[in-house]
Amino acid sequence: MGCGTSCKSDMDIFLDDLMSRMTLEQKIGQLNQLAMPTDIITGDDVRFDFKELVKNGRLGSALNVTGAEKVRALQRFAVDSSEL
């Protein structure tokens, strides 16, 4: 006993459409969180090509990003560079 799409909000419709266009790899990629390089290293110093990960839908969020300018630049890059 459901109401189908007539009960869905605009956001639900948008998200359903987005999820239907994402590959399984892109969906899994959204689960990845990687720390941006900082001056303090407490473990192995492993570097990633963050821009390449974003372009390929393999990064969901970046940690240790400080300052509005840096955050805005990363957000803008993600919007402009990723397929979805």
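The model shown is predicted, which means the values in this text are computed figures rather than measured ones.
Distance check: K51 NZ to N56 CG gives 14.0 Å after rounding to the nearest 0.5 Å. Rounded to the nearest 0.5 Å, atoms CG (L53) and OG (S82) are 12.5 Å apart. Rounding to the nearest 0.5 angstrom, the gap separating the OG atom in S61 from the CD atom in Q33 is 3.5 Å.
Summarising the local packing, CG of D49 is surrounded by more than 12 heavy atoms from other residues, nucleotides or ligands at distances under 6.0 Å.
Shown here for A35 and N64, the closest heavy-atom pair between the two residues is CB-ND2, 3.3 Å. Nearest heavy atom pair, residue N32 against residue L59, reads O-CD1, 3.7 Å.
For residues 17-34, every residue pair satisfying the salt bridge (charged side-chain N to carboxylate O under 4.0 Å, His left out) rule, not counting sequence neighbours, is listed here: D17-R21, E25-R58.
For Q30, the side-chain contact (heavy atoms from CB on, under 4.5 Å) partners two or more places apart in sequence, or in a different chain, are M22.
Inter-residue side-chain proximity for R72 and E69 is flagged as unmet; no heavy-atom pair is nearer than 4.5 Å. Between M19 and D16, the closest side-chain pair of non-hydrogen atoms is not below 4.5 Å.
Clustering ILVMFWY residues whenever any of their side-chain heavy atoms sit less than 4.5 angstrom apart, transitively, puts F77 in the very cluster that holds M36. L18 and I13 are not part of a single hydrophobic cluster, where members link through side-chain heavy atoms under 4.5 Å apart.
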